[in-house]
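Please read the structure below before turning to the comments.
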Amino acid sequence: MHARLSRFAGLPPERIYSTIEQFKQGALPQFEQLDGYRGVLIAVNQAEGKAAAITFWESQDNMRQSDRLADQARQAALEQAQGSSEPTREPIVDHYEVVLDQR
């Protein structure tokens with residue numbers, strides 16, 4: 001299994017949950033239709049304006065084939081989170097091979 005970790009910082013705390021709702025209604029159904037999609041985990045630290053999203057993929061190829069959609073989803077999230085406040089920082093994106101999963 002493979003995973004893409006997208007970390008967001010500098011988010012307006014009051015907009016984090018509405019941004020997640022937008023993701024659930026917009027990009028998530030598109031991810032669910034892609035070959036090899038195995039789920040998503042989203043964690044937030046609202047007080048510090050931070051969020052992390054991890055998508056799980058059957059193979060590295062499946063993950064790489066979803067890169068364009070992931071880029072679009074991150075951009076939409078930044079636009080939703082930003083609103084009229086100061087610009088948020090660019091997300092940090094990392095790719096991993098999952099070597100232990102004890103869920």
Side-chain angles (χ1 to χ4, degrees):
M1 184 179 335
H2 289 261
R4 179 189 303 108
L5 169 62
S6 301
R7 293 180 288 148
F8 299 83
L11 301 173
E14 69 278 3
R15 298 186 65 91
I16 289 176
Y17 287 103
S18 64
T19 301
I20 293 168
E21 274 305 310
Q22 177 209 11
F23 170 77
K24 286 168 48 178
Q25 295 174 15
L28 183 56
Q30 296 176 58
F31 277 112
E32 292 172 333
Q33 298 301 311
L34 296 177
D35 288 339
Y37 174 78
R38 294 293 173 254
V40 63
L41 180 147
I42 298 177
V44 301
N45 181 328
Q46 186 176 16
E48 293 186 18
K50 295 179 182 179
I54 306 171
T55 54
F56 298 96
W57 301 91
E58 185 174 307
S59 71
Q60 185 175 21
D61 285 341
N62 293 139
M63 181 176 59
R64 294 290 182 196
Q65 290 170 4
S66 71
D67 279 343
R68 181 176 295 156
L69 178 57
D71 290 343
Q72 293 169 352
R74 280 189 299 276
Q75 184 60 40
L78 288 176
E79 290 169 6
Q80 170 70 22
Q82 186 172 324
S84 61
S85 62
E86 294 181 27
T88 57
R89 292 183 242 162
E90 287 296 313
I92 296 170
V93 180
D94 295 310
H95 298 87
Y96 297 94
E97 179 181 5
V98 177
V99 296
L100 176 64
D101 181 359
Q102 281 194 295
R103 286 180 282 158

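When reading the values below, keep in mind they use all heavy atoms of this one structure, side chains included, and skip hydrogens, waters and symmetry mates. We count residues from 1, following the sequence as given.
From H2, atom NE2 reaches atom CZ of R64 across 9.5 Å, with rounding to the nearest 0.5 Å. Atom CD of Q80 sits about 5.0 Å away from atom CZ of R15, to the nearest 0.5 Å. A distance of 4.0 Å separates CZ of R38 from CD of E58, quoted to the nearest 0.5 Å.
Considering all non-hydrogen atoms of both residues, R7 and D94 come closest at NH2-OD2, 3.4 Å. Across all non-hydrogen atoms, the minimal contact from L34 to S66 is CD1-CB, 3.7 Å. In terms of heavy atoms, A47 sits closest to P13 at O-CG, 4.4 Å. Closest approach of D67 and H95 over heavy atoms only: OD1-NE2, 3.6 Å. Taking all atoms of both residues into account, the shortest heavy-atom contact from A51 to L11 is CB-CD1, 3.9 Å. Of all heavy-atom pairs spanning F23 and P29, the tightest one is O-CD, 4.3 Å.
Contact check for I16 versus F8: no side-chain heavy atoms found under the 4.5 Å cut-off.
Tested against T55 for a side-chain contact (heavy atoms from CB on, under 4.5 Å), the candidates L69, L28, V40 yield a single pass: V40.
Annotation: side chain to side chain contact (heavy atoms under 4.5 Å, CB included) contacts of D71 (sequence neighbours excluded): R74.
A donor-acceptor pair under 3.5 Å links the side-chain atoms of Q30 to the main chain of G26, judged by distance alone. A donor-acceptor contact shorter than 3.5 Å is absent between the side chain of R4 and the backbone of V93.
Y96 shares a hydrophobic cluster with M1, L5, L41, I54, F56, V98; the chain of contacts runs through ILVMFWY side chains whose heavy atoms sit under 4.5 Å apart.
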